There are 2 protein chains.
Amino acid sequence: MAHLPRYLQLLWGREPEGRRGPKPGRSIAEIGAAAVAIADAEGLDAISMKSVANAVGFTTMSLYRYVDSKDELSAVMVDVAYGPADLSYAPGQGWRERITRWAREISARRMAHPWTTEVRLASPPLTPNTIGWMESGLEALEDTPLTSQQRLSTLLAVDGWGQNHVRQTVQMGLTGPVDPDSPQGAYLELVGELVDAAAFPRLATAGPEALGDDDDAFFDEEFDHGLGLLLDGIEALIARSNSERVKGSGRH
Amino acid sequence: MAHLPRYLQLLWGREPEGRRGPKPGRSIAEIGAAAVAIADAEGLDAISMKSVANAVGFTTMSLYRYVDSKDELSAVMVDVAYGPADLSYAPGQGWRERITRWAREISARRMAHPWTTEVRLASPPLTPNTIGWMESGLEALEDTPLTSQQRLSTLLAVDGWGQNHVRQTVQMGLTGPVDPDSPQGAYLELVGELVDAAAFPRLATAGPEALGDDDDAFFDEEFDHGLGLLLDGIEALIARSNSERVKGSGRH
DNA sequence: GCCAACTGCTTGCGCTATACGCAGATGAGG
DNA sequence: CCTCATCTGCGTATAGCGCAAGCAGTTGGC
């Protein structure tokens, strides 16, 4: 049995019951919530052990009673930001509707806390909510004829693409109407200045066309396009899987 | 004409010609190469203004003659790590082979410098090589019947997914054979410990099966699966695009 | 030949994560 | 009931960080 880091013990409620000493003044959930509030309001750079500690009424060092490092605090923050995977699928829904709903919901949570995609996780996600969302995604694919291996790979692809889409959208500052005076607003101007039509002919024509006016809809449009590609790909995989099952059942 | 940040001027060779004062002792390419070498050897955390400056024979503050902030240095590092997009497509190749080759090549570059996916870019990529790779990707899709808008969206999806795949693989420590004593090696053990089969039935069956033995092949297998989904999705999009063109040419 | 513009260097500030030692509170074992 | 290991949160201290500001020396256009 491997040793569990403290933050995981706390998040999963795996503390030993017979404990001496004073009761902890705060819970890890409170600390996570406070940190999330700071990151939402002032960005990820505003997160420091001091700022979070002060927000819950601690001194800096007291935070280390709950979390062994800032990386662990980050993992807690992400888990709190995602929230529980309370997504129930109607029985009549097909896999396509289900996984679409899943992707939309988890993307909405990420967009509500855009800094989540910027956090550098040092280890694979092991926190309750992140694991819960994986489980929920697998549930969405349950009525497909895919193997559980294929389902996991597929979910990994959809989730990975979605996470990157949020990150890129946020990074490019296209989460809402674009202020032309902002660095992002000047992006097009800079691109036009740098991208010589002779050296980059395809980009020169496609770029302005894509990012032209309706920056507001960028996220949704690219979301639909990307997810559409993946869904059609899954459909093809399912079709292939079905035909193979019919063709030679048991063979190979 | 918007103002160009210094590092972009230097990267694109857009310096004013008549310049007084001493010649710069180093080029931005040298600085970038030195920083890349450090990050390759010791990781992204080993990158500081001091460490990079020392590597090129500068004191810390002299770096600011070339780069206005550490974020700009990061952008330069990523550009240098990607290298030029010198990918030529054989005339006989179809779009499927072409985009596969593109995705493989850019992923190989990222895997060669895994920290590139961990860098937090504050602005959209505007450096020569990153832009060059976008152009190259568009070239791969050139002989499709898609609009340039669709091509850009498609490339964005493929690139985003690929970048995330590298990041996740690196993050999970699955870039090679897994040492069971490492934190990543203990991952499965921890998952088994935390993931109650009652609470997470699907994950409990799929997880061990997927990450079980051949961790070495994780990157390639998931790469093929994800890219396969996207390619089939693109194929469906192209088929739809063709049939529509035939059905009602000119209408809408 | 002048002097503005540029080079790289030095000092210093405020901030960071976190190692370490502390007094007081608590509850299990004798 | 008392003891004391164990826990709480606090205060201090350290090494490193990015970067602002001012420095002397070098260069090339006027």
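Every value quoted in this text rests on a predicted model; they were computed, and no experiment measured them.
Nearest to the side chain of A:Tyr66, among D:dT8, D:dC10, D:dC19, sits D:dT8. Checking C:dT18, D:dC17, D:dC19 against the side-chain heavy atoms of B:Tyr64 singles out D:dC19 as nearest. With C:dA17, C:dC9, D:dC19 as the choices, the nucleotide that has an atom nearest any side-chain atom of B:Ser69 turns out to be D:dC19. Comparing atom distances between the B:Ser48 side chain and each of C:dG8, C:dT18, D:dC17 picks out D:dC17 as nearest. Of the candidate nucleotides C:dG8, D:dG18, C:dT18, C:dG8 has the atom nearest to the side chain of B:Pro24. Closest approach to the B:Phe58 side chain among C:dC9, D:dG11, D:dT8 is made by C:dC9 (side chain taken as heavy atoms from C-beta onward).
Separating the NZ atom of A:Lys50 from the C1' atom of D:dG11 is a distance of 14 Å, rounded to the nearest angstrom. Straight-line distance from the CD atom of A:Glu30 to the C1' atom of D:dG9: 15 Å, rounded to whole Å. Atom CD in A:Gln9 sits roughly 14 Å away from atom C1' in D:dC7 (whole-Å rounding). The distance from atom CG of B:Leu10 to atom C1' of C:dC6 is 13 Å, rounded to the nearest whole Å. Atom CD1 of A:Ile28 is separated from atom C1' of D:dG9 by 16 Å (rounded to the nearest Å). Rounded to an integer number of Å, the gap from CD1 of B:Ile47 to C1' of D:dC19 is 17 Å. Put simply, NZ on A:Lys70 is 8 Å from C1' on C:dT16, counting in whole angstrom units. Atoms CG (A:Leu73) and C1' (C:dT18) sit 14 Å apart, rounded to a whole Å.
Note on A:Thr59: a side-chain N or O is less than 4.0 Å away from OP1 or OP2 of D:dC10.
In terms of position along DNA chain C, the nucleotide closest to B:Met61 lies nearer the 5' end than the nucleotide closest to the other residue of the pair B:Met61 and A:Arg65. Place B:Ser51 and A:Thr60 on DNA chain D by their nearest nucleotides, and A:Thr60 ends up nearer the 5' end.
Contact between A:Asp159 and A:Met134 at its shortest, heavy atoms only, is OD2-CE, 3.4 Å. Across all non-hydrogen atoms, the minimal contact from B:Asn129 to B:Pro84 is OD1-CA, 3.4 Å. Taking all atoms of both residues into account, the shortest heavy-atom contact from A:Val158 to A:Ala103 is CG1-CB, 4.4 Å.
Taking the side chain as every heavy atom from C-beta outward, B:Tyr66 and B:Val56 never approach each other to under 4.5 Å.
A ring-centre distance under 6.0 Å is found for B:Phe219 and B:His165.
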